[in-house]
2 protein chains.
Amino acid sequence: MINPFDDTYFMKRALQEAETAFDKNEVPIGAVIVIKNQIIARAHNLTETLNDVTAHAEMQAFTAASDYLGGKYLRDCTLYVTLEPCQMCAGASYWTQIGKIVYGARDEHRGFKHYNTQLHPKTKVIGGILEFECSEIIKRFFIEKRNLN
Amino acid sequence: MINPFDDTYFMKRALQEAETAFDKNEVPIGAVIVIKNQIIARAHNLTETLNDVTAHAEMQAFTAASDYLGGKYLRDCTLYVTLEPCQMCAGASYWTQIGKIVYGARDEHRGFKHYNTQLHPKTKVIGGILEFECSEIIKRFFIEKRNLN
């Protein structure tokens, strides 16, 4: 039987969040957190709107998911995020003890892999799901921004 | 002339925040952010109260300081924090471009130095201000907790 709830399905939901960010003139990065095929948190980058460099999609999603579950830890959850998490977000994921991180596009300059940020030993990582789409929306954002200035 | 507003003065203010955390049954870590000798943000660890592992003193202080200044960046600010920041908080400080980080006690296992978290190239770091007091309050917290259980 085909499972309709695969990594691509949930990454598409994260991409919808990135589109929402795009429409708000935010760098378009989106995230969802999933437990047992159910989305329990949705978030997108809000650094400009909130005037807060810590308002990354992942940070908001961690807070929302903990709130939903009524527990601090996200051991049975998966984070889907359109861009490879940065040091801050990967560092936050360490504290959540999240079970799995699935990201779309690689961030070669600011991603946690470049900096060797330590994840929780129980956190699995998969990269490159809908990589083209996740990368493309960010490129499109900066091209449009450049053309407007 | 003696400057009353030295690193020890502001670390004492951060320690007061740690005491407030202690009274709330939170791991006692406190932080203040200062610009031109003025405290513009005070915060303490609230991970238990908010049920949120990202609610470290530093994260809240960054958000509050940006809100106060009306700008995302904290280039002319100094963060005083009683314990060496973790990967998440150090990673957040990178995005704030904060001018200086002053911490009290070293965190040998979870601190950013152990993990080589990359700070912003313009961020200066000083450690060991009121180290004994900052470390002592955390030890006292865990001793009391152990005796209660």
Side-chain angles (χ1 to χ4, degrees), chain A residues 26-27 29 31 33 41 43 45-75 77 79 84-98 107 109-121 123, chain B residues 26-27 29 31 33 41 43 45-75 77 79 84-98 107 109-121 123:
Chain A
E26 296 277 357
V27 178
I29 301 161
I33 291 180
N45 177 35
L46 281 174
T47 49
E48 296 298 324
T49 306
L50 298 180
N51 199 30
D52 183 351
V53 291
T54 73
H56 286 194
E58 302 95 310
M59 298 300 287
Q60 297 173 72
F62 291 144
T63 298
S66 302
D67 195 47
Y68 177 87
L69 292 175
K72 281 188 300 179
Y73 302 113
L74 306 176
R75 291 179 189 120
C77 298
L79 166 73
E84 181 190 340
C86 72
Q87 299 185 107
M88 169 181 71
C89 295
S93 82
Y94 182 100
W95 295 117
T96 68
Q97 303 185 14
I98 198 156
D107 186 350
H109 298 295
R110 302 277 183 243
F112 77 93
K113 291 203 166 183
H114 175 69
Y115 290 117
N116 286 316
T117 308
Q118 181 73 44
L119 300 184
H120 192 273
T123 304
Chain B
E26 297 277 358
V27 178
I29 301 160
I33 291 180
N45 178 35
L46 282 175
T47 50
E48 296 299 323
T49 308
L50 298 180
N51 200 29
D52 182 353
V53 292
T54 72
H56 286 192
E58 302 94 311
M59 299 301 286
Q60 298 172 72
F62 291 145
T63 298
S66 302
D67 195 47
Y68 177 88
L69 292 175
K72 282 189 299 179
Y73 302 113
L74 306 177
R75 292 181 190 119
C77 297
L79 166 72
E84 181 189 339
C86 72
Q87 298 184 106
M88 169 181 71
C89 295
S93 83
Y94 181 100
W95 295 118
T96 67
Q97 303 184 15
I98 198 156
D107 185 351
H109 299 295
R110 302 279 185 240
F112 78 94
K113 291 203 165 180
H114 174 70
Y115 290 118
N116 286 317
T117 308
Q118 181 73 45
L119 300 185
H120 192 275
T123 304

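A note on names: the letters A, B, ... follow the listed sequences, proteins ahead of strands, and every chain is numbered from 1. In this text, all values refer to a predicted model and were calculated from it rather than measured experimentally.
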In terms of heavy-atom pairs under 4.5 Å with chain B, which of [options] leads?
options: A:Leu69, A:Asn51, A:Thr96; answer: A:Asn51
options: A:Asn116, A:Thr54, A:Val53; answer: A:Val53
options: A:Arg110, A:Glu48, A:Gln97; answer: A:Arg110

Non-hydrogen atoms of chain A under 4.5 Å away: do they reach the side chain of B:Thr117, the backbone, both or neither?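 Contact with chain A is through both the backbone and side chain of B:Thr117.
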Measure B:Tyr94 against the heavy atoms of chain A and call it side chain, backbone, both or neither at under 4.5 Å.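 For B:Tyr94, the side chain is the part near chain A, not the backbone.
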Tell me the closest heavy-atom pair linking B:Gly91 and A:Met88, and the distance in Å.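 Result for this residue pair: C-CB, 3.7 Å.
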Look only at the side chain of B:Gln87 and the backbone of A:Gln118, and say whether a donor-acceptor pair between them is shorter than 3.5 Å.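 Yes, the answer is positive, given that a donor and an acceptor are paired below the 3.5 Å cut-off.
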Does a donor on one side chain sit under 3.5 Å from an acceptor on the other, for A:Thr63 and B:Asp52?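 Judged by distance alone, the side chains do pair up.
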Could you look at A:Tyr73 and say if it's the side chain, the backbone, both or neither that has a heavy atom under 4.5 Å from chain B? side chain
